[in-house]
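Since the structure comes first, as structure tokens, the remarks are kept for the end.
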Amino acid sequence: MYFVETLTMEGLGNRSYLAGGRTAAVAVDPPRDIDQVLAVAARRGVRITHVVETHLHNDYVTGGLDLARLTGARYLVPAGARVAFDRMPVTDGDTVTVEDGLVLRAVATPGHTPHHTSYVLEDGGTPVAAFTGGSLLIGAVGRPDLVDPRLTEQLARAQHASAHRLARLPDQVRVLPTHGFGSFCSSAQTQGECTTIGAEKARNMALTKDVDAFVAELLADLDDVPAYYTHMSPANATGPAPVDLTEPQRADAAQIAERLAAGEWVVDLRNRIAFADGHVAGALNFELDGKLATYLAWLIPWGRPVTLLAESPEQLAVAQRELVRVGIDRPAAAATGAPERWATDPAALRSYPRADFAELAEARARGEDLVVLDVRRASERATGHIEGSVHIPLHQLQQRLHEVPDGNVWVHCGSGLRAAIAASLLDAVGRQVVAVDDDFPAAYDADLVVPGRHGQIV
């Protein structure tokens, strides 16, 4: 009997897998913090004999090379991927035996990248699972525009062909993708936790539309690409170094002030309610439970030192783990506790109000002089927006702060998370701000919205 265990990276919207039998296992697309993979193997009582990559990842730093070195496993990487380290190059049709009766077969599935490769797990000669990486996802496919704009349409067409190639597998085969659980590597938001080849044949647009219709729809719906992606594939091709998750240097209030004065980023990991109630002037709010790695890596000038402020050592440790996955290896410093301990003058802590869309409507009805700032992505705004609002997507806000009109800024997004980040960016430069902490459909209920395309609000 075989097993498959799933390791979830919720902050990045990705999954990794450990699959095997009684004594041996293969790790698929492992995260950089490989200790969790080793823990699963130890619990299962299996030896990791193979580590495989479906592609050079664009959205996170792999732990594959480090895991293979540490365990002595064979490291399988698609032959078409240009890398600077020794590995076992994999081509279409190659097979490796994990243990007696358990075989992994490579299937070339270009589209997400030119060299993308899926792996089919066969138990006693019967296909039972397909590790599809960024090829066939749950109700979607991996986006084809992350390698080279000149290749986007070509890769989109290849993605369609690859999905159809995987669809030749038996309907009951489990589809186990790496992307698609909130990752920006997915071409669309996916629904559900598990799927099969049969289920995808019934619903996946790559398998229900002809190639021209599929490509047209796929390319029309591509969203923004996080800025840090440009650093991920080169890091993976070079060969990532092992991670260091030891506790960073501690900073007191004076040192935090010095780091702020030097232009470093001081990131407060507390939830947005606590941050709005009181925080160190100049600190930025990236709450730990809100896709920390994605948004911090997207917004921070790459390589800028970062100091983390956390409520507890445990919260700090979780943040470090998430950040190493996207190449933010070592915080320059850190502090734990409460904001009063982080400020040289606790009486000078800053705060700002939070509100919902109903309160925004009331403020407008009273004739208050205010600015409404929408920090959603353009694709979200196209479905509907607040009349008279200024639109600057969150990932562009730092460079466009000068475009925010004078006045009291009510900033909103789709749920309150990104609005909190934006509010902290504005607050850090001394702007008067109100963070709208509400789901966007409530703006429709408050009669604030001008419908967009299709008249839909999402």
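The structure presented is a predicted model; accordingly, all values stated were derived computationally and were not measured.
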- Message: Between F440 and F357 (judged by ring centroids, cut-off 6.0 Å), do the two rings come close enough to count as a pair?
- Response: yes
- Task: Answer yes or no: is there a side-chain heavy-atom contact under 4.5 Å between L166 and V173?
- Result: no
- Look at atom CZ of R47 and say whether more than 12 heavy atoms of other residues, nucleotides or ligands are closer to it than 6.0 Å. no
- Message: Quick check: closest heavy atoms across Q320 and P248, and the distance to 0.1 Å?
- Response: OE1-CD, 3.2 Å
- Query: In this structure, are over 12 heavy atoms from other groups packed under 6.0 Å from D244 atom CG?
  - Reply: yes
Only distances under 3.5 Å count here; give the side-chain donor-acceptor pairs of residues 290-298 to other protein atoms, sequence neighbours excluded, each with its distance to 0.1 Å.
{"residue": "K291", "atom": "NZ", "partner": "G11", "partner atom": "O", "Å": "3.4"}
{"residue": "K291", "atom": "NZ", "partner": "G182", "partner atom": "O", "Å": "3.3"}
{"residue": "T294", "atom": "OG1", "partner": "G11", "partner atom": "O", "Å": "3.3"}

- Task: Report yes if some heavy atom in the side chain of V175 is under 4.5 Å from a heavy atom in the side chain of I197; otherwise report no.
- Result: yes
- Checking Y75 side chain against D66 main chain: does a donor-acceptor pair fall under 3.5 Å? no
- Pairwise side-chain contact, R32 with P240, heavy-atom cut-off 4.5 Å (strictly under): yes
- Task: Please round to the nearest 0.5 Å and tell me the distance separating atom OG of S424 and atom CZ of R350.
- Result: 11.5 Å
- Task: To the nearest 0.5 angstrom, please state how far the OG atom of S16 sits from the CG atom of D33.
- Result: 9.5 Å
- Message: Using 0.5 Å steps for rounding, measure from the CG atom of L121 to the CZ atom of F3.
- Response: 10.0 Å
- Item | Partners passing salt bridge (charged side-chain N to carboxylate O under 4.0 Å, His left out) against R272 (at least two apart in sequence or in another chain) | E287, D437
- Taking all non-hydrogen atoms of both residues into account, name the closest pair between V280 and L349 and its distance. N-CD2, 3.8 Å
- Test side-chain contact (heavy atoms from CB on, under 4.5 Å) applied to E403 and V390, step by step: CA-CA 9 Å; E403 297 179 30; V390 176; over 6 Å; no
- Message: So I256 and L309, do their side chains get closer than 4.5 Å, heavy atoms only?
- Response: yes
- May I ask you to decide if D252's main-chain N or O and Q255's side chain share a donor-acceptor pair within less than 3.5 Å? yes
- S186 and H179 side chains, donor-acceptor separation under 3.5 Å: no
- Y228 ring center within less than 6.0 Å of H231 ring center: no
- Task: Answer yes or no: is there a donor N or O on one side and an acceptor on the other, between the side chain of S118 and the main chain of T109, under 3.5 Å?
- Result: no
- Query: Ion pair present between E5 and R43, side-chain N to carboxylate O less than 4.0 angstrom?
  - Reply: yes
- Any L308 side-chain heavy atom under 4.5 Å of L323 side chain: yes
- Message: Quick one: does any side-chain atom of N236 pair with a main-chain N or O of H57 as donor and acceptor, under 3.5 Å?
- Response: yes
- Item | Note, M9 side chain near E322 side chain (heavy atom, < 4.5 Å) | no
- Item | Minimum heavy-atom distance between Y444 and V449, given as atom pair plus value | N-CG2, 3.6 Å
- Should the heavy atoms of other residues, nucleotides or ligands under 6.0 Å from CG of D447 be counted, would the total exceed 12? no
- No-hydrogen, no-angle side-chain donor-acceptor test under 3.5 Å, D427 and H279: yes
- Going through the checks in order, is the side-chain contact (heavy atoms from CB on, under 4.5 Å) test met by L394 and L425? CA-CA 10 Å; L394 174 62; L425 287 167; 4.2 Å; yes
- Would you please name every residue forming a side-chain hydrogen bond (donor to acceptor under 3.5 Å, both in side chains) with Q315, sequence neighbours left out? none
- Without swapping roles, check the side chain of R259 against the backbone of E264 for a donor-acceptor pair under 3.5 Å. no
- Close side-chain approach of L360 and L370, heavy atoms under 4.5 Å: yes
- Query: What are the two closest non-hydrogen atoms of A422 and L397, and how far apart are they?
  - Reply: CB-CD2, 3.6 Å
- Look only at the side chain of R381 and the backbone of V375, and say whether a donor-acceptor pair between them is shorter than 3.5 Å. no
- Query: For T336 and R250, does a side-chain donor sit closer than 3.5 Å to a side-chain acceptor?
  - Reply: yes
- Task: Show your working on side-chain contact (heavy atoms from CB on, under 4.5 Å) between V128 and Y2 and close with a plain yes or no.
- Result: CA-CA 9 Å; V128 292; Y2 76 96; 3.7 Å; yes
- Query: Would you say Q396's side chain and P393's backbone share a donor-acceptor pair under 3.5 angstrom?
  - Reply: no
- Query: Will you find, in the side chains of D29 and T178, an N or O donor that is under 3.5 Å from an N or O acceptor?
  - Reply: yes
- Item | Y119 side, atom OH; Y17 side, atom OH - distance, nearest 0.5 Å | 14.5 Å
- For the residue pair H391 and H385, is the inter-centroid distance of their aromatic rings smaller than 6.0 Å? no
- Message: Between N285 (side chain only) and A420 (backbone N and O only), is there a donor and an acceptor less than 3.5 Å apart?
- Response: no
- Task: Might you point out which heavy atoms bring L245 and R330 nearest each other, and give the distance in Å?
- Result: C-NH1, 4.2 Å
- Message: Using the side-chain hydrogen bond (donor to acceptor under 3.5 Å, both in side chains) criterion, which residues pair with E258? Sequence neighbours excluded.
- Response: none
- Any Lys/Arg nitrogen of R270 or D277 sitting under 4.0 Å from an Asp/Glu carboxylate oxygen of the other? no
- Query: Between E387 and R364, is the closest basic N to carboxylate O distance under 4.0 Å?
  - Reply: no
- Task: Run the numbers on R321 and D35 for salt bridge (charged side-chain N to carboxylate O under 4.0 Å, His left out), then give the verdict.
- Result: CA-CA 11 Å; R321 182 176 292 272; D35 57 329; 2.8 Å; yes
- Query: Would you say the side chain of L426 lies within less than 4.5 Å of the side chain of V404, judging by non-hydrogen atoms?
  - Reply: yes
- Item | Heavy-atom pair of closest approach, residues A419 and C413 | N-SG, 3.3 Å
- Pairs flagged by salt bridge (charged side-chain N to carboxylate O under 4.0 Å, His left out) wherever residues 296-307 is involved - sequence neighbours left out: none
- E10 atom CD, over 12 foreign heavy atoms within 6.0 Å: no
- If only atom types and distance count, is the side chain of T230 paired as donor or acceptor with the main-chain N or O of A227 below 3.5 Å? no
- Message: Quick check for you: to the nearest 0.5 Å, what is the distance between I300 atom CD1 and F286 atom CZ?
- Response: 7.5 Å
- Query: H115 side chain to R82 main-chain N or O, any donor-acceptor pair under 3.5 Å?
  - Reply: no
Under 3.5 Å, which donor-acceptor pairs do the side chains of residues 129-145 form with other protein atoms, sequence neighbours left out?
{"residue": "T132", "atom": "OG1", "partner": "L136", "partner atom": "O", "Å": "2.7"}
{"residue": "R143", "atom": "NE", "partner": "D145", "partner atom": "OD1", "Å": "2.8"}
{"residue": "R143", "atom": "NH1", "partner": "F184", "partner atom": "O", "Å": "3.0"}
{"residue": "R143", "atom": "NH1", "partner": "D224", "partner atom": "O", "Å": "3.4"}
{"residue": "R143", "atom": "NH2", "partner": "D145", "partner atom": "OD2", "Å": "2.9"}
{"residue": "R143", "atom": "NH2", "partner": "D223", "partner atom": "O", "Å": "2.5"}

- Query: In Å and rounded to the nearest 0.5 Å, what is the CE to CZ distance from M232 to R325?
  - Reply: 13.5 Å
